[in-house]
Every structure is written in structure tokens, then in C-alpha cells.
Amino acid sequence: KLCEGILNILEKDAKTSCQVACLEALRILSRDKKVLVPVTTKRNMQILMRLAKLDAAEDPLERVSEFPVIVEALKCLCNIIFNSAVAQKLSLELNLAAMLCSLLEKCKDQQFVDDIKCFVLRLLFLLSLLHTDIRSQLRQELQGVQVLTQALERSLNVRWTEEYKAAEDHNRPLSLQETDCAIEALKALFNVTLDSWNVHSEKESHQFRYMAAILRHCLLTTGPTEDKTEELH
């Protein structure tokens, strides 16, 4: 009942501070699988997707004041999808992976979106881990290898000197947010490329050579701490 009450508030146009508080409470509650059973419905998933800007709207991410709401809604979706098989099935029906790829595209060349990008990538990792049909959709329909490789490239601040050779200037360690984004992108890439042992086309060959160059750069990159560097590698 508490979760339903929170979602009823979130369905309305409440103030940003109220939305964030409600989403924080829901995120804590969503760690309990028993709590999730009655609230994991298509309607409730759509409420959270709307708050996370995971809809068909082409609006750019311009209102920085909304960013905390987007991040908290993404965190809630991460918990719900991880803990609920029903939510995993609904994710395919609601075309969540495509919406996530679209939101990731909106994050390009934007400031203050590292947290949004990180949780979008975490959701893509979870979906590709837990639902084989979504993994196939990402690979075949949504150009997931390209999308995730580009996200990894941006997180690592790769500069190219040749087509498949990145500049080896490692004076500045990655920030914590950059490292976390890179780690989530790597995890999602692993899932999406898991069955890619047989490369058929010239385009795929280029994509995997491009990815290999970025992975080499990743191994030469350091994070903000030794532990984070080890996790990244």
C-alpha cells in the first residue's frame, strides 16, 4: 500500500523535491522482492519511465533541476528490474532498451549528466544480463555494440591518432564518475558481445577493431584510486 501511495503521488505533477523524496523512499522499498510483487505493473513501470525521461519524446535534457528526479527514477528501475522477473518481461513489452539507448544519445555533449549516463548504462547491463531477448534486441536492432562502445569511448576521453590507435597520454586519471560510467559500459558490452565469436560483415569487423583499440586504451588508463583502477581493468 505504501508503494502504491508513493506511485500515485508520482503520477501527478508534484514538486521536484517531493518527487525526489518519493523516489528515494521507493528505491529503498524496492530492494524487498515481497514488496515489489503487487506494484510491478505496466502502469507503474510507465510512471517511472516517464520520470526517467524514458519516453518517445524528442525533448533534449535541458532542465538541470530535473536531473535528480531522472537519476532517482533510474535507480528505482534498476532495483525493480533486478529483483522482479515480471519487470524484466515488461521491459521488453515497453521497449525499455530502445528508450535507454535514446536517452544515452541525449546525454552526448551535455554537462552534469554523468550520473544519468551511469545509471542508463547500469540498466542496459541488467537488462542484457537478465533477459536474453533484450540482449538480442540490443545487438541486432539497436546497434548496441556501437552505442555502448561510443559511450565507453566518451567515458575514457579517447583521442585518436590513427584509425585504430588512441593517443597514449595518461597524465590525468579518470574521475570517479567517468570510471563508474566506463565500468558499466564494459559490463553491458560484455553481455551484448557474448555470442559474437563469429563476425560476418566488414562493418562488424570494423566495429570490433575499433572496440579493441578502446579496450587497449582502457587498460592503460588509471582511475581515481587503486581499487577503482583495478575494477576498471
Side-chain angles (χ1 to χ4, degrees), residues 7 23 26-27 30-31 33 36-37 39-58 70-108 113 115-155 180-201 203-204 207-208 210-211 214-215:
L7 285 157
L23 287 165
L26 186 62
R27 172 166 53 84
S30 64
R31 295 170 184 165
K33 291 184 180 182
L36 286 178
V37 173
V39 297
T40 308
T41 64
K42 186 175 181 179
R43 165 190 169 265
N44 291 341
M45 289 280 286
Q46 287 173 320
I47 291 170
L48 293 172
M49 286 174 65
R50 177 178 58 81
L51 291 168
K53 299 296 181 186
L54 297 169
D55 49 36
E58 296 297 323
I70 298 172
V71 171
E72 283 301 326
L74 288 168
K75 288 180 181 179
C76 287
L77 285 167
C78 283
N79 283 357
I80 291 167
I81 286 166
F82 181 71
N83 287 313
S84 169
V86 174
Q88 291 158 27
K89 290 177 183 177
L90 283 170
S91 297
L92 184 62
E93 183 183 338
L94 293 167
N95 207 18
L96 181 54
M99 301 297 183
L100 287 164
C101 290
S102 176
L103 182 55
L104 196 60
E105 186 67 21
K106 291 179 187 179
C107 288
K108 281 172 64 174
V113 295
D115 284 342
I116 295 174
K117 188 163 61 174
C118 187
F119 284 101
V120 167
L121 290 166
R122 184 169 298 176
L123 256 178
L124 285 170
F125 159 66
L126 289 172
L127 288 171
S128 59
L129 173 71
L130 299 167
H131 203 304
T132 53
D133 288 343
I134 292 179
R135 189 187 309 158
S136 298
Q137 181 194 24
L138 270 168
R139 173 83 199 279
Q140 295 165 11
E141 296 174 31
L142 301 175
Q143 297 183 307
V145 175
Q146 180 178 337
V147 169
L148 293 167
T149 303
Q150 289 175 347
L152 177 61
E153 178 186 358
R154 289 192 293 272
S155 298
D180 284 340
C181 282
I183 289 167
E184 296 301 332
L186 284 165
K187 286 156 56 179
L189 263 173
F190 175 81
N191 290 341
V192 174
T193 58
L194 195 58
D195 304 318
S196 304
W197 57 271
N198 195 3
V199 176
H200 295 286
S201 70
K203 182 180 178 181
E204 283 182 315
Q207 190 63 56
F208 280 93
Y210 167 59
M211 188 201 308
I214 294 172
L215 293 175

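These figures come from a predicted structure and were not determined experimentally.
Judged by distance alone, with hydrogens and angles left aside, the side-chain atoms of Ser155 form a donor-acceptor pair with the main-chain N or O of Ala151 at under 3.5 Å. No donor-acceptor pair under 3.5 Å is formed between the side chain of Asn191 and the backbone N or O of Arg135.
Within the model, atoms CG of Leu123 and CG of Leu54 stand 7.5 Å from one another, a figure rounded to the nearest 0.5 Å. Remark: Lys89 NZ to Ser84 OG distance equals 9.5 Å, nearest 0.5 Å. We find the CD1-CE distance between Ile81 and Met45 to be 4.5 Å, quoted to the nearest 0.5 Å. Atom-to-atom distance recorded for Cys118:SG and Leu74:CG is 10.0 Å, nearest 0.5 angstrom. One distance of note links SG of Cys181 with CG of Asp115; it measures 7.5 Å at 0.5 Å rounding. With values rounded to the nearest 0.5 angstrom, Leu148 atom CG is found 11.0 Å from Ile214 atom CD1.
Minimum heavy-atom separation, Leu124 to Leu138: CD2-CD2, 3.9 Å. Closest approach of Phe82 to Leu130, counting heavy atoms only: CA-CD1, 4.0 Å. Considering every non-hydrogen atom in both Lys108 and Arg154, the closest pair reads CG-CZ, 3.3 Å. Contact record, Ala97 with Ile134: CB-CG2, 3.9 Å, taken as the closest heavy-atom pair. When every heavy atom of Leu23 is checked against every heavy atom of Ala73, the shortest pair comes out as CD1-N, 3.9 Å. Residues Leu36 and Ile80 approach most closely at CD2-CG1, 3.6 Å, considering heavy atoms.
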Check step by step if side-chain contact (heavy atoms from CB on, under 4.5 Å) holds for Lys187 and Leu129.
CA-CA 9 Å; Lys187 286 156 56 179; Leu129 173 71; over 6 Å; no
Check step by step if side-chain contact (heavy atoms from CB on, under 4.5 Å) holds for Val145 and Arg139.
CA-CA 6 Å; Val145 175; Arg139 173 83 199 279; 3.7 Å; yes
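Contact of the Leu152 side chain with the Leu215 side chain is registered, since non-hydrogen atoms from C-beta on lie closer than 4.5 Å. Residues Leu90 and Thr41 fail the side-chain proximity criterion, which asks for heavy atoms closer than 4.5 Å. The shortest distance between side-chain heavy atoms of Glu72 and Leu51 does not fall below 4.5 Å. Contact of the Cys78 side chain with the Leu126 side chain is registered, since non-hydrogen atoms from C-beta on lie closer than 4.5 Å. Between Leu7 and Leu26, some side-chain heavy-atom pair lies under the 4.5 Å cut-off. Residues Leu104 and Lys117 meet the side-chain proximity criterion, which asks for heavy atoms closer than 4.5 Å. Residues Thr193 and Met211 are in side-chain contact: their nearest non-hydrogen atoms beyond the backbone lie under 4.5 Å apart.
Counted within 6.0 Å of OH on Tyr210, heavy atoms from surrounding residues, nucleotides or ligands total more than 12; the atom is thus considered enclosed.
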